[in-house]
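Notes to accompany the following structure.
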2 protein chains.
Amino acid sequence: MEEQFIDFDNSLGPWLGKTVKVIQYYLHKGFKEAGLDLTKEQMIVLKRLHSHDGLNQNELALLVLRDKSSLARLLSKMERKNYIIKVQCTDDKRCNNLFLTDVGREVFKKTRPIINEIINKIETDVSKEEKQIMISVLKKIQSNFGESFSTI
Amino acid sequence: MEEQFIDFDNSLGPWLGKTVKVIQYYLHKGFKEAGLDLTKEQMIVLKRLHSHDGLNQNELALLVLRDKSSLARLLSKMERKNYIIKVQCTDDKRCNNLFLTDVGREVFKKTRPIINEIINKIETDVSKEEKQIMISVLKKIQSNFGESFSTI
DNA sequence: TTTAGATAGTTGCATATGCAACTATCTAAA
DNA sequence: TTTAGATAGTTGCATATGCAACTATCTAAA
């Protein structure tokens with residue numbers, strides 16, 4: 001069939017994958033060099049709670065595109081480091097509201113310059129038009145895979 | 001500083017990251033639904049060996065952007081499943097040449113339609129021009145992070 | 001008011017990852 | 001020819017991930 005002849009190496013998938021790997025490598029490296037005890041994944045959680053304090057685990061898991069079990073373990077580590085706290089919901093004993101601690105807020109603040117540097121590096125020599133096209137295509141790709149992802 | 005005001009959520013990094021996560025989710029799902037005993041990571045190794053049989057572990061690790069220790073363990077699992085074999089280099093006892101087995105080749109063949117479907121899904125409603133811009137910007141981003149990555 | 005099904009979060013298991021330290025081997029320079 | 005440094009691959013450790021099965025709790029319908 002026609003299918004056999006799709007050019008895998010020049011399709012968007014591998015290019016996207018490789019680019020993200022490169023970015024993640026330098027992000028982790030940046031945190032390490034700044035002496036921050038933090039992974040990229042934990043940073044994303046801090047970021048979300050920073051703008052949406054009080055989410056419960058299920059809500060947060062949806063936002064960060066992670067399985068709730070994976071997130072639960074991530075949160076445990078962050079709780080041990082005193083970056084976040086879990087507070088049992090008042091109206092539902094099963095559920096926890098998540099909050100940044102002052103320590104967590106402080107750590108997040110320290111990631112700012114590192115993240116900004118990475119963003120600047122990513123977008124070096126990328127024009128406004130190119131950036132706009134990138135984002136619109138990325139949105140399109142996400143929505144090609146179904147509504148569930150397009151709203152995140 | 002100016003730095004504080006960079007718009008994290010609308011920068012390329014998070015958009016790229018999310019998109020890749022969505023793609024990977026459906027790729028894994030596709031393999032599972034087809035009954036293939038294979039992860040995305042193992043598929044990438046099969047793909048590389050398919051076009052470059054005989055690479056050693058260090059060479060392959062560079063190509064797939066993985067730490068050699070991570071790759072070593074990936075290869076062990078694939079060797080156990082009889083997808084690949086390691087053959088000690090004739091001229092250097094430290095080094096292994098890696099080869100696909102017939103089983104590995106067969107499994108890789110079976111991933112083809114799944115991968116093609118994902119690629120088609122990704123590129124739905126993405127014009128040739130958009131795709132070209134995407135790839136050129138992704139290349140640019142990779143090279144922004146240094147020569148070491150730009151050639152992979 | 002009982003209870004079946006839904007929901008929030010956890011745990012077991014298997015996979016994947018990178019760094020640092022290690023072994024075995026090779027190579028190039030004294 | 002010896003040997004110091006380089007190189008290929010492995011192992012220990014800590015992290016991250018998703019699926020399936022689980023517990024505790026809640027909710028809506030009989």
Side-chain angles (χ1 to χ4, degrees), chain A residues 17 20-33 35-45 54-81 83-98, chain B residues 17 20-33 36-46 54-81 83-98:
Chain A
V20 166
K21 263 197 149 261
V22 171
I23 294 170
Q24 290 182 353
Y25 172 79
Y26 283 99
L27 201 53
H28 269 128
K29 195 176 159 194
F31 292 156
K32 200 180 176 189
E33 284 174 2
L36 292 176
D37 179 12
L38 193 75
T39 63
K40 178 210 63 176
E41 293 77 11
Q42 294 175 16
M43 179 275 284
I44 290 173
V45 167
L55 289 170
N56 67 37
Q57 298 189 200
N58 270 338
E59 292 164 341
L60 184 58
L62 258 175
L63 284 175
V64 299
L65 300 185
R66 270 163 185 78
D67 188 85
K68 58 185 178 169
S69 68
S70 179
L71 181 65
R73 282 179 273 233
L74 205 50
L75 292 172
S76 295
K77 289 189 194 85
M78 294 177 74
E79 202 181 21
R80 247 185 282 134
K81 291 195 283 190
Y83 290 179
I84 61 150
I85 46 167
K86 299 179 183 180
V87 181
Q88 195 178 57
C89 301
T90 47
D91 54 336
D92 187 342
K93 285 181 191 165
R94 294 171 303 176
C95 132
N96 301 319
N97 291 125
L98 304 166
Chain B
V20 166
K21 264 199 148 258
V22 171
I23 294 170
Q24 290 183 353
Y25 172 79
Y26 283 98
L27 201 53
H28 269 128
K29 196 178 160 194
F31 291 157
K32 200 180 175 187
E33 283 173 4
L36 291 176
D37 179 14
L38 194 74
T39 63
K40 178 210 65 177
E41 292 78 11
Q42 293 175 18
M43 179 276 283
I44 291 174
V45 168
L46 290 184
L55 289 171
N56 67 38
Q57 298 188 198
N58 269 339
E59 291 164 342
L60 185 58
L62 257 175
L63 285 175
V64 299
L65 300 185
R66 268 162 186 80
D67 189 85
K68 59 185 179 168
S69 68
S70 179
L71 180 64
R73 282 179 272 235
L74 205 51
L75 291 172
S76 295
K77 291 189 193 82
M78 296 178 72
E79 202 180 22
R80 249 185 279 134
K81 292 196 281 190
Y83 291 178
I84 61 149
I85 47 168
K86 300 179 181 179
V87 180
Q88 195 178 59
C89 300
T90 47
D91 54 336
D92 187 342
K93 285 182 192 165
R94 294 171 303 174
C95 134
N96 300 318
N97 291 125
L98 304 166

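Chain identifiers are assigned alphabetically (A, B, ...) following the order of the sequence lines, protein sequences preceding nucleic acid strands; residue numbering begins at 1 within each chain. Since the model is a prediction, treat every value here as computed from it, not as a measurement.
Taking atom NZ on B:K32 and atom P on D:dC19, their separation rounds to 6 Å, with Å as the unit. Rounded to an integer number of Å, the gap from A:L60 CG to D:dA16 P is 14 Å. Between B:L27 atom CG and D:dT17 atom P the separation is 18 Å, expressed in whole Å. Note: CG (B:L75) to C1' (D:dA8) measures 13 Å, nearest angstrom. Distance A:K40 NZ to D:dA16 P: 10 Å, rounded to the nearest Å. The separation between B:M43 atom CE and C:dA16 atom C1' is 15 Å, rounded to whole Å. Following rounding to the nearest Å, A:H28 (NE2) and C:dC19 (P) show an atom-to-atom distance of 10 Å. If you take CZ of A:R66 and C1' of D:dG18, they are 12 Å apart, rounded to a whole angstrom.
Among the heavy atoms of the strands lying under 4.0 Å from B:K21 are primed sugar atoms or P, OP1, OP2 only; no base atom is included.
Here the side chains of B:L38 and B:L46 are in contact, with some heavy-atom distance below 4.5 Å. Put simply, the side chain of A:E59 does not reach to within 4.5 Å of the side chain of A:L98, judged on heavy atoms. Annotation: side chain of B:Y83 is not in contact with side chain of B:V45 (no heavy-atom distance under 4.5 Å).
Nearest-nucleotide positions on DNA chain D place A:L38 closer to the 5' end than the other of A:D92 and A:L38.
A distance of 12.0 Å separates CG in A:L27 from NZ in A:K29, rounded to the nearest 0.5 Å. From A:Q57, atom CD reaches atom CG of A:N96 across 5.0 Å, with rounding to the nearest 0.5 Å.
Residues passing the salt bridge (charged side-chain N to carboxylate O under 4.0 Å, His left out) test with A:K81 are A:D37, sequence neighbours excluded. Here A:K21 pairs with B:L65, B:R66 under the side-chain contact (heavy atoms from CB on, under 4.5 Å) rule; sequence neighbours left out. With sequence neighbours excluded, the residues forming a side-chain hydrogen bond (donor to acceptor under 3.5 Å, both in side chains) with A:E41 are A:T39, listed by chain and number.
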Whether each nucleotide of nucleotides 9-15 of chain D has a protein heavy atom under 4.0 Å at its base (B), only at its sugar-phosphate (S) or at neither (-) is summarised, 5' to 3', as BBBBB-S
Note, DNA chain C 5' to 3' with Watson-Crick or G-U pairs under 3.5 Å encoded as ( ), [ ], | and . gives ||||||||||||||||||||||||||||||
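Among residue pairs with one or both ends in residues 83-96 of chain A, those qualifying as salt bridge (Lys or Arg N to Asp or Glu O under 4.0 Å) are A:D92-A:R94; sequence neighbours excluded.
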